[in-house]
Amino acid sequence: MRDRLAALAGEVLRDPSMAHGAARSWRGDVVGDDLDLWLTALTDTAPTPALEELFRARASAHAAAGLRCEEALVQQQACVTVLVRALANETPAHSPERTHFAYVLRERALHTLKIATATIIERYRSPAEPLGPPQPQPQPQPQPQPRPHPSSGSAPRRLVPAHQTVPQWCVAATQLGHGTKAALQKFRALNPQALVAVTGTNVTAFTQERPKMPELFGPYGLVLIEDGDTMRAARRAALAAVIARHYGVRVDTSQALPLIAALDMAPDERETFVTSCLGPLYTNLRHRYLLETLGTYLAHNLCVTAAARSLYVHRHTLTYRLRSIESLAGIDLNNPFDRMRAELALILSRTSGWSVPRERAG
């Protein structure tokens with residue numbers, strides 16, 4: 001894989017998230033070094049303190065190359081996207097281990113990305129040594145107020161540099177598919193001041209004003225940022241985007257706070273709950289098609305005829321599948337409580353990266 005880093009660096013520089021004016025200052029050698037670090041982070045089990053030290057050194061290199069903090073963060077997102085895709089493609093397409101490997105790789109990438117984000121932001125905010133020449137500002141910016149150390153827990157966590165004005169809105173969309181590039185270009189045209197980060201087909205953006213959303217984005221989650229805590233807002237917007245995709249609607253978090261709170265679980269808790277609700281439907285790849293059947297049946301309000309038509313199967317085939325679902329998962333689809341648990345588990349399974357139920361019919 002290391003002999004492909006130069007080619008992968010080219011893919012990073014062509015990523016849609018890098019397609020704005022600041023990208024002109026990003027150099028291939030800096031991207032190559034970032035990819036080398038990320039390859040180590042994703043293939044070795046380095047402890048958190050060691051990763052923090054490595055990303056702290058990278059932050060110094062970013063600043064020396066003239067990158068602003070937000071540019072360095074977006075570059076990490078692009079590196080992760082390209083490298084995870086390349087590593088996943090090394091596993092044979094029809095191998096039963098590929099789905100599990102892709103899931104483990106994605107979880108490790110998200111965990112490491114959190115470490116990288118926090119470390120780079122803190123390094124730019126409180127450098128132990130000069131971080132390169134100061135960047136020109138179009139307008140004077142107020143000096144940041146002293147803030148407690150993050151370990152005190154009394155200050156909001158941020159995903160934007162401290163010297164910039166904290167945004168007021170966070171929007172997230174997921175699984176834009178082949179329309180991602182066009183959607184991003186339209187979004188940036190409508191919101192020229194937005195700070196945008198892309199991971200695969202998942203998009204997170206921060207804006208000062210309520211964002212103007214192009215139709216290309218489809219279902220999305222929108223959050224009003226509270227107390228400058230952009231990290232919390234980004235997580236809530238991402239969960240709202242998963243809900244929006246599942247139901248085929250656009251979700252303002254004020255409309256779905258209890259559901260978002262229910263979905264905001266630690267990875268191990270999420271896996272335990274989904275497995276307890278869906279059993280082999282979730283854990284056995286052989287039964288994975290039944291998840292789509294279950295999601296479609298629930299989406300059509302338990303109407304067998306409409307669900308069968310949507311799945312292009314005979315209604316008797318659908319009835320047989322529903323009996324199999326109840327037997328394998330140990331649920332009764334006539335029981336409202338079982339249906340509620342099953343629907344929550346289906347949404348949670350999407351946060352794990354599984355390709356399950358279709359959007360609800362319009």
[X] (side chain) donor-acceptor with [Y] (main chain) under 3.5 angstrom:
X      : Y      : value
Ser349 : Leu346 : yes
Gln76  : Ala72  : yes
Thr319 : Arg315 : yes
Thr275 : Thr272 : no
Arg58  : Val30  : yes
Asn301 : Cys303 : no
His300 : Leu302 : no
Asn191 : Phe187 : yes
Asp338 : Asp332 : yes

Once rounded to the nearest 0.5 Å, what's the spacing between atom [atom1] of [X] and atom [atom2] of [Y]?
X      : Y      : atom1 : atom2 : answer
Ile331 : Leu281 : CD1   : CG    : 7.0 Å
Met340 : Asn335 : CE    : CG    : 9.5 Å
Leu87  : Arg108 : CG    : CZ    : 10.5 Å
Ile243 : Ile260 : CD1   : CD1   : 4.5 Å
Arg288 : Leu278 : CZ    : CG    : 9.5 Å
Ser327 : Leu322 : OG    : CG    : 12.5 Å

Practice problem: Just jot down the side-chain hydrogen bond (donor to acceptor under 3.5 Å, both in side chains) partners of Glu326, sequence neighbours excluded, or say none. | Solution: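 Partners of Glu326 under the side-chain hydrogen bond (donor to acceptor under 3.5 Å, both in side chains) test: none.
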**Request:** Apply salt bridge (Lys or Arg N to Asp or Glu O under 4.0 Å) to Arg323 and list each qualifying residue two or more places apart in sequence or on a separate chain.
**Result:**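 Not a single residue meets the salt bridge (Lys or Arg N to Asp or Glu O under 4.0 Å) criterion with Arg323.
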*side chain to side chain contact (heavy atoms under 4.5 Å, CB included) assessment of Met213 paired with Leu190*: CA-CA 8 Å; Met213 301 301 299; Leu190 293 173; over 6 Å; no
Would you call Leu344 and Leu259 a side-chain contact if the rule is heavy atoms closer than 4.5 Å?
yes
Margin query: Between Arg341 and Ser276, is the side chain to side chain contact (heavy atoms under 4.5 Å, CB included) condition met? List the steps.
Written below: CA-CA 10 Å; Arg341 293 178 69 247; Ser276 70; 3.8 Å; yes
(Q) Distance alone, cut at 3.5 Å: any donor-acceptor contact between the side chains of Tyr297 and Glu292? (A) no
Practice item. Go through the side-chain N and O atoms of Thr119 and Arg56 and say whether any donor and acceptor fall under 3.5 Å apart. Key: no
> What pairs with Pro192 under side chain to side chain contact (heavy atoms under 4.5 Å, CB included), at least two apart in sequence or on another chain?
Replying inline: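 With neighbours one apart ignored, the set is empty.
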